[in-house]
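Report on one structure; see the data block that follows.
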Amino acid sequence: MVGPIASLSQLNRADGSASYKCPATGYSILGAVNAPIELPARRDALKPEEATVEVFVKPGTTTAGVGERYVEGILRSVLGKIVLGREKGFPRRGVVLTLAIVGGENVERGDSYLTILPALLHAGLLAMVSASVPLSMTFSATLLGVTKSGDIVRDPSPTAAKAAVSLHVFAVSSKNHLLLNESEGRFDFDTWELVRERALSICQGETAASADGDVSMGEGTASASLSGFIRETVEDQVYSDYAYNLDSI
Amino acid sequence: MTSSTTPINPTPPSLSLPPSQFARLQPHAYLLAHLSPPPASNQPSVRANGRATSQFRVTSANAGSLTHTNGSAVVRIGDTAAVCGVRAEILHTKDIASWSVLQASSEQNLDKSNDVGVSETHDEEDRGHIQDLNLLVPNLSLSTGCAPGFTPGAPPSALAQSLSHQILSLLHSTRLVRADDLRIWYQPPNLDSEEFRNAGEGMDVDTEQSEGSEREIKAFWVLYIDVMIISLAGNPFDAAWASVLAALRDTKLPKAWWDADNETILCSDNVADARKLSLRGLPIASSFCSFEGDAAAGWRAVVIPDAEEQKQKKGAQQRWILADPDGYEEGLSQERASVVVDKENGKTVIVKMEKHGGWTVDSDDLRQLVDVSARRWDEMKRILDQC
């Protein structure tokens, strides 16, 4: 299976940006983060002691509709929880994330937004990292479909997702917490548990953190999991950013 | 010092606050004190509103409240009240730009999947028509002055829009409404009977004639499902979905047919001819929120424990999962969970499950929530059957 492709800091006007492409589902997302910025007319924010996280999703060919409002709400609640909005310089300010869907099939009115959700989550997280927004943890997300015969399919294409009996999106944090679950279709709890197990192994890999809390960095194991992929993408960017420093040593 | 002030103010102001003021000044501590009473006091752990953690508010439903709609319902869950009206309008197939293409592709599908089984293709076609032609148009309005945060007459807020989407996508994913109920057919009279054709009239129109004698779809009913939240005290989705469900169960469509002479759709004004929708199942939504005992857990500069460690520490309960949260509780919690269940022959089927906004609710808790939702299903079925 072809893994996702991601790169950081592609836009130079935004504080941080990331592009993410998932070949299996065909979606390609460009994300930009500006943080911390002054939000106009947010003096009387509901929670003045924290930063306000704002998320905007722009579909490829149309204007944003009700579906985008819904997915923005989900992204805001997931990212808002892991952004450390009380760090110095962040209270009363805004963290504004804009995600543009630049490739992949359109999500029609009333369609399920689950197929594109993992790509949006990954692009959002990488853009946050690129903008150096303080986060309490990272996460990785995956889409799983259960077919009529009961097989669990990873990253089904939009047509396969339409034919699936149930669709599940899981986001698992770097510490194995279940951060997000969105499931729809018809299923029972035992199926859900199986899918969850599968999601955990996709996101965290077979070998999770060892007893002392360190992530084992053996070759090959890191890239097998999605969290390893996120880690490698950031490592590559850090390596190229500090190349001048490494050369001088 | 105190003795010097008493002559001026003979009755010293009381230093204790009434509970309502304490609730406003220290909302988190107020709810926490209710949920974890001191062990010496021997009080049970109840929420500030007097409910147990998995107890829902008193729910009532009334169908057929609006006379000018095809179906309507008022559902009240505690202080949250939703009014839903369903209006049916006719969509002519000649007004659908892509109708001929759609029909051709669906026929192709039928040919292709003949071996798969009839019911399956029927379901697929159902989904296609309702979804592709937007035959269900739900809208939810919060701009009614339902809560202080929502100004009347304002454009739909992000919450209202996302609730509209949730209702629409749940209607689609549960396939609650059958496309068959929404179709208006035309059965041409059988003019080209055997002897008529044998007379040798018009050999060239033969193929057209035989196609024309099949019955065809002339129009669709489009259901406009409008929900107004007239009072919002937390948990708008459960109330809105219950009102949509009750209104659809109440909806009656008049008998409609294609009149070939007038070339238009005619509807019977005889109430006895009108028929109800036959819905698929009865999906019931139950929402929950997770209240964390330690308000600073999310941002204090401590390392967040691993999922496994967190599980082991569960003995000292640090969070409560509250069913059907009211507005006060929703303001104090970030993590939400929502489960939509249906029952088929006594077996619970999950139709939708979501949780986001935190990391304290995991699979063990979700299993319990599904059980709670299944019990709620029985209760809601009773309420909806009575209305």
Side-chain angles (χ1 to χ4, degrees), chain A residues 46 49-50 64-78 80-87 108-114 136-137 139 148 162-163 166-169 171-173 175-189 191-193 196-197 200 208-209 213, chain B residues 120 124 127 130-132 134 136 138-139 149 156-166 168-174 298-301 303-310 331 334-337 340 342 344 347-363 366-367 370-371:
Chain A
L46 273 177
E49 67 276 14
E50 276 186 23
V66 288
E68 282 72 29
R69 288 292 108 70
Y70 169 68
V71 81
E72 282 166 10
I74 291 175
L75 291 167
R76 188 164 50 235
S77 82
V78 172
K81 188 70 182 173
I82 63 165
V83 167
L84 292 168
R86 302 190 186 219
E87 294 291 296
E108 302 282 340
R109 174 187 168 279
D111 266 3
S112 129
Y113 234 95
L114 298 194
S136 63
M137 50 174 78
F139 60 83
K148 285 198 179 73
K162 276 213 175 92
S166 62
L167 278 180
H168 308 262
V169 173
V172 181
S173 80
K175 298 190 168 183
N176 288 355
H177 300 279
L178 181 63
L179 268 184
L180 165 125
N181 162 235
E182 294 280 329
S183 303
E184 60 177 46
R186 297 181 78 79
F187 56 98
D188 55 11
F189 200 83
T191 318
W192 186 86
E193 290 256 276
R196 185 189 179 276
E197 291 283 307
L200 198 65
Chain B
E120 206 167 284
E124 286 302 310
R127 177 191 271 192
I130 288 192
Q131 209 155 327
D132 294 343
N134 288 329
L136 300 174
N139 185 45
S157 60
L159 176 64
Q161 292 186 43
S162 81
L163 286 170
S164 296
H165 174 82
Q166 271 171 284
L168 177 62
S169 85
L170 195 53
L171 281 171
H172 283 166
S173 72
T174 56
W299 54 270
R300 196 190 288 135
V303 181
I304 293 158
D306 261 15
E308 290 304 312
E309 286 174 40
Q310 200 180 325
Q334 286 181 299
E335 187 164 13
R336 302 288 154 78
V340 184
D342 198 353
E344 268 176 7
K347 197 168 159 282
T348 308
V349 180
I350 307 170
V351 173
K352 179 183 171 181
M353 183 152 82
E354 63 174 22
K355 77 130 242 168
H356 49 79
W359 53 75
T360 59
V361 178
D362 215 322
S363 52
L366 285 170
R367 183 183 283 275
V370 170
D371 291 343

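In what follows, every chain begins at residue 1, and chains take the letters A, B, ... in the order their sequences are listed.
- The closest side-chain heavy-atom distance from B/K355 to A/L178 is below 4.5 Å.
- B/M353 has its side chain within reach of A/N181: a pair of non-hydrogen atoms, C-beta onward, lies under 4.5 Å apart.
- Contact of the A/W192 side chain with the B/R367 side chain is not registered, since no non-hydrogen atoms from C-beta on lie closer than 4.5 Å.
- Between the CD atom of B/E354 and the CD atom of A/E182 there is a distance of 4.0 Å, given to the nearest 0.5 Å.
- In this structure, B/Q166 and A/Y70 have side chains that are in contact, with non-hydrogen atoms separated by less than 4.5 Å.
- Between the side chain of A/K81 and the backbone N or O of B/H356 there is no donor-acceptor pair closer than 3.5 Å.
- Separation of atoms NZ (B/K352) and CG (A/L114) is listed at 8.5 Å; rounding is to 0.5 Å.
- Of the listed residues (A/D111, A/I82, A/I74), the one with the most heavy-atom contacts under 4.5 Å to chain B is A/D111.
- Among the candidates A/E72, A/E184, A/R186, A/R76, the residue making the largest number of heavy-atom pairs closer than 4.5 Å to chain B is A/R186.
- Atoms CZ and OG, from A/R69 and B/S162 in turn, are 9.5 Å apart once rounded to the nearest 0.5 Å.
- Interface residue B/V351: backbone and side-chain heavy atoms are both found under 4.5 Å from chain A.
- Counting only heavy atoms from C-beta outward, the side chains of A/F189 and B/I350 approach each other to under 4.5 Å.
- With rounding to the nearest 0.5 Å, the separation of CD in B/E335 from OG in A/S77 is 9.0 Å.
- In terms of non-hydrogen atom pairs under 4.5 Å with chain B, the most contact-rich of A/G67, A/G73, A/S166, A/G80 is A/G67.
- Using a 4.5 Å cut-off between heavy atoms, A/E193 contacts chain B through its side chain alone, with no backbone atom that close.
- By the 30° and 60° cut-offs, the orientation of the rings of B/H165 relative to A/Y113 is perpendicular.
- Note that CG of B/L366 and OG of A/S183 are 9.0 Å apart. Values are rounded to the nearest 0.5 Å.
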